[in-house]
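Everything below concerns the one structure shown next.
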Amino acid sequence: MMIVMHPDATEDQIHEIVARVGLAGARPHVSAGDTVTLIGVIGERPEIDRLGDVTREPGVDRVVPLTTPYKLASRRLAHDRESTLEIAGRRIGGGAFATIAGPCTVESREQTITAADAMLDAGVQFFRGGAYKPRSSPYSFQGLGREGLEILQEAKERTGLPIVTELMDARDVEAVCEVADVIQVGARNMQNYPLLAEIGRSGTATLIKRGLAATLDELLMAAEYVLAEGNPNVILCERGIRTYENATRFTLDIAAVPVLKERTHLPVVVDPSHAAGRRELVLPLSMAAAAAGADGIIVETHPTPETAVCDGPQQLHVDGFADYLRQVEAAAALAGRTPAAVATAA
Ligand code: PEP
Ligand code: MN
């Protein structure tokens, strides 16, 4: 349930309710808005019963029983406006458009550093690259693992670009968190609930990709697993879903952008690369996503896509990436979004 405090509730009254929620064994989640403070009560029936009736407590306006399967991710129940996340000096959401770009996977030091340098020059906000790869066949390249993480660390130190990289196995969470500014949850792991909870506890920001056959509410419930652990930095990603159409690798569900925007305050990004499956389609899909109101894109690019060990046909050449990006940013501007760094205090 959600406890809505009076606009004139005092700090002491808010603390009192938060303490009572904790004493009942439930977890309070405080969201302080401009006018009212909401206290989400996260717990099962016994804890909620133990809390008892708080409607008449000083400072409480009303109590809203929640039947929705996600609360913290819900736009209506949280604060009914877009959240802006600040991650490693970059902003995403609430009008800030972020581009996450880099190769599908870390193949070598040279390939990764070349790509990272090019992305810095092009003006992206985050660098991506997988050290652990979820491959459909166990015989395909599985990623460089720890060695790949070290290469990403070098790319980060050299360019200053924050890193987005995938975590597949909760046993690697510490190693991945050492380099990742944003942990990617791959489409195939969207419903790996222990992994999501572990990421929630790690406190590192996360980007959750929609499962190949997941509904948008299932994506939001996946986000809720991370949020419920007290980690607010969750980005959602539409990356194409399975349909009968086979002209593209997956079918990009562009409607996911405005629908998610109705349902959640969390930033929504689009991955045109995995949806398209071939680079010729990446620009139009990216522009469509940006014009539809996405808060960013996550896109694959490689110095020599012809020799890439995975997803070569869909990766953009790093040469020409800046031109591509300017067109996407122009489309984002149509939807009122601009790339933004976190303002530093003068
Ligand atoms: C990727 O980003 O390289 C990737 C494997 O994506 P997905 O999980 O969406 O297939
Ligand atoms: Mn890929």
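Order of listing sets the numbers, starting from 1, for every ligand and every atom in it. Side-chain atoms are counted along with the backbone in the values below, which use heavy atoms only and exclude waters and symmetry mates.
- Each of the following atoms of ligand 1 lies closer than 4.0 Å to a heavy atom of G186: 8 (O).
- Side-chain contact of D12 with T10: a donor-acceptor pair under 3.5 Å is absent, judged by distance alone.
- Of all the atoms in ligand 1, the ones that sit under 4.0 Å from a non-hydrogen atom of R128 are 1 (C), 2 (O), 3 (O).
- R249 and Q314 share a donor-acceptor pair across their side chains, judged by distance under 3.5 Å alone.
- Residues L161 and F126 fail the side-chain proximity criterion, which asks for heavy atoms closer than 4.5 Å.
- For atom 8 (O) of ligand 1, the nearest non-hydrogen atom of the protein is A187 N, 2.8 Å.
- At a 4.0 Å cut-off, not a single heavy atom of G130 sits close enough to ligand 1 to count as contact.
- For the pair V328/V299, no side-chain contact is recorded, criterion being any heavy-atom separation below 4.5 Å from C-beta on.
- The shortest N or O to N or O distance between R188 and ligand 1 is under 3.5 Å.
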Report task. Tell me, with the steps shown, if E198 and R171 meet salt bridge (charged side-chain N to carboxylate O under 4.0 Å, His left out). Result -> CA-CA 10 Å; E198 191 66 42; R171 288 170 295 189; over 6 Å; no
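- Around the Mn ion (ligand 2), the angle linking D311 (OD2) with E300 (OE2) is 130°, rounded to 10 degrees.
- Against a heavy-atom cut-off of under 4.0 Å, C104 is close to the following atoms of ligand 1: 3 (O).
- With M190, K209, Q314 as candidates, the residue nearest to atom 6 (O) of ligand 1 on a non-hydrogen basis is K209.
- The nearest protein atom to atom 4 (C) of ligand 1, hydrogens excluded, is given as H274 NE2, 3.5 Å; this is a heavy-atom distance.
- Side chain to side chain, E300 and H274 meet the donor-acceptor criterion of an N or O pair below 3.5 Å.
- For the residue pair H317 / E306, a side-chain donor-acceptor distance below 3.5 Å is found, with atom types taken as modelled.
- Each of L220, T206, V269 was scored for a side chain to side chain contact (heavy atoms under 4.5 Å, CB included) with L236, with one residue passing: L220.
- Atoms of ligand 1 lying under 4.0 Å from any heavy atom of K133, numbered from 1 in the order shown and given with element: 1 (C), 3 (O), 5 (C).
- At least one N or O atom of Q184 sits closer than 3.5 Å to an N or O atom of ligand 1.
- For atom 10 (O) of ligand 1, the candidate residues are R135, R210, R239; the nearest heavy-atom contact is made by R239.
- No salt bridge links E44 with R50; every basic N to acidic carboxylate O contact stays at or beyond 4.0 Å.
- Checked against the Mn ion (ligand 2), the N, O or S atom of H274 at the shortest distance is NE2.
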